[in-house]
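Read the structure below first, then the notes.
Basis for what follows: all heavy atoms, side chains included, without hydrogens, waters or symmetry-related copies.
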Amino acid sequence: MTSYATPSGRPTDDWPTDERTARAVQDALRTRVVLDETGPPPGTGHVTGVDVAYDDERDVVAAAVVVLDAATLDVVEEATAVGTVTFPYVPGLLAFREIPTVLSALDGLRSDPGLVVCDGYGIAHPRRFGLASHLGVLTGLPTLGVAKNPFVFSYEDPAARRGSAAPLLDGTEEVGRALRTREGVKPVFVSAGHRVSLSNACAHVLRLTPRYRLPESTRRADALCRSALREVAG
DNA sequence: GCGACAG
DNA sequence: ATCTTGTCGC
């Protein structure tokens, strides 16, 4: 079993607790993001969904990882982990709130995660180092981000049919893509995390959304982390 | 200076 | 993220 919670960014010891340090960590690790790889072929191997749920009253956080067969979208394996919230929600620093517990959940897997699909952004980030990129650099796994909101970026509404896309822009730079996963429904916002190209990231997301707006991987992980949270809290 | 701002 | 009733639709 591979251990993810121990490498360069341990979730306990050298994990930032203040914003100043957290931004410095992002600036230091962003140089390790790999963008010149195409990533695993869509529809092959495993695709793992990751999500986290909170109980702010008790500072409890529950993470879930669900491994799917990329071809059939059948569940191959699941794992959860419960931890303590050690970082507040600060736009741009989401990774420091979620990653420690996610790494613990990944440690509970026996299967190869394959491509990891995160709830949030990859390089579509003020410092080009969002949650998905951060998780990718710490684990070495290929990752991509799927967000439900455009964050600080702009975009023009893509055509109504499923599969249509429009650039997600930071000024004139394309940092991701607004991708229509369901006809006439608000698009999702996809960005490359680590070791995956933007176009392949979109191809993966389309394969993961045969029926709903959000990827099957994140829907599965969302349901799992919520039930995991209920088992330890309210 | 003030507001906006992934989850 | 989370707090929450009813309601429209397959």
Side-chain angles (χ1 to χ4, degrees), chain A residues 11 16 19 22-23 25-26 29-30 33 49-66 80-103 105 116-137 143-155 167-171 173-179 181-194 198 201 205 210-215 217-230 232-234:
Chain A
E19 299 184 21
R23 292 195 180 86
V25 167
Q26 292 182 325
L29 294 183
R30 57 185 289 186
V33 174
V50 170
D51 197 18
V52 163
Y54 303 92
D55 180 337
D56 289 316
E57 294 290 292
R58 309 180 187 187
D59 282 355
V60 173
V61 51
V65 292
V66 180
T80 61
V82 174
T84 301
V85 177
T86 61
F87 208 96
Y89 169 65
V90 179
L93 300 180
L94 181 62
F96 298 94
R97 183 171 166 80
E98 310 207 332
I99 285 186
T101 313
V102 168
L103 291 176
V116 177
V117 178
C118 297
D119 208 343
Y121 281 112
I123 62 170
H125 177 276
R127 286 169 294 283
R128 302 294 180 270
F129 198 65
L131 172 65
S133 296
H134 202 147
L135 185 62
V137 166
T143 64
L144 64 84
V146 179
K148 298 181 277 302
N149 295 292
F151 200 10
V152 297
F153 309 109
S154 63
Y155 71 101
L168 182 66
L169 304 170
D170 183 352
E173 179 184 355
E174 181 180 39
V175 295
R177 210 162 277 168
L179 179 66
T181 54
R182 283 206 67 189
E183 170 103 31
V185 174
K186 177 181 178 177
V188 294
F189 304 89
V190 181
S191 61
H194 183 59
L198 177 56
V205 172
R211 182 177 168 91
Y212 300 103
R213 177 194 177 221
L214 297 179
S217 44
T218 62
R219 297 184 73 254
R220 265 12 211 276
D222 177 77
L224 185 57
C225 68
R226 290 196 193 200
S227 66
L229 185 62
R230 284 184 309 220
V232 297

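With sequence neighbours excluded, the residues satisfying ring-ring contact (aromatic ring centres under 6.0 Å, His included) with A:Phe87 are A:Phe96.
In terms of modelled atom types and a separation under 3.5 Å, the side chain of A:Thr218 and the main chain of A:Pro215 share a donor-acceptor contact. No donor-acceptor pair under 3.5 Å is formed between the side chain of A:Gln26 and the backbone N or O of A:His134. In this structure a side-chain-to-backbone donor-acceptor pair under 3.5 Å is missing from A:Ser191 to A:Gly176. Side chain of A:Arg220 to main chain of A:Gly49: no donor-acceptor pair is present (N/O by atom type, distance under 3.5 Å, no hydrogens or angles).
We find that the ring of A:Tyr54 and the base of B:dG7 do not stack by the test of centres under 5.5 angstrom and planes tilted less than 30°.
Contact annotation: A:Lys148 does not reach the phosphate of B:dA6 (side-chain N/O to OP1 or OP2, under 4.0 Å). For B:dC5, the OP1/OP2 oxygens have no side-chain nitrogen or oxygen of A:Asn149 closer than 4.0 Å.
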Check your understanding: Going through the distances and angles, do A:Tyr121 and A:Leu168 end up as a side-chain contact (heavy atoms from CB on, under 4.5 Å)?
Key -> CA-CA 11 Å; A:Tyr121 281 112; A:Leu168 182 66; 3.7 Å; yes
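Here A:Gly92 lies in heavy-atom contact (under 4.0 Å) with a base. Nucleic acid contact for A:Leu93: base, since at least one base atom lies under 4.0 Å from a heavy atom of the residue. Residue-level contact check: A:Ala53 touches the backbone only, with heavy atoms under 4.0 Å from sugar-phosphate atoms and none from bases.
To the nearest angstrom, P of B:dC5 lies 10 Å from CZ of A:Phe151. The distance between atom CD of A:Glu57 and atom C1' of C:dC3, rounded to the nearest whole Å, is 11 Å. Atom CG of A:Leu131 and atom C1' of B:dG7 are 8 Å apart (whole Å). The distance between atom CG of A:Asp51 and atom C1' of C:dT2, rounded to the nearest whole Å, is 13 Å. As a whole-Å value, the separation of A:Asp56 CG from C:dA1 P is 12 Å. Atom OH of A:Tyr121 and atom P of C:dA1 are 14 Å apart (whole Å). Rounded to whole Å, the distance from CD1 on A:Ile99 to P on B:dG7 is 15 Å. Whole-Å rounding puts the A:Glu19 CD to B:dC5 C1' distance at 13 Å.
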Practice item. Using Watson-Crick or G-U wobble pairs with both distances under 3.5 Å, give me DNA chain C in dot-bracket, 5' to 3', with [ ] for crossers and | for pairs to another strand. Key: ..........
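Taking the ring centre of A:Phe189 as origin, the terminal cationic atom of A:Arg177 falls outside the region bounded by 6.0 Å and 45° from the ring axis.
Candidate nucleotides B:dG7, C:dA1, B:dC5 were compared by shortest atom distance to the side chain of A:Arg226, and C:dA1 ranks first.
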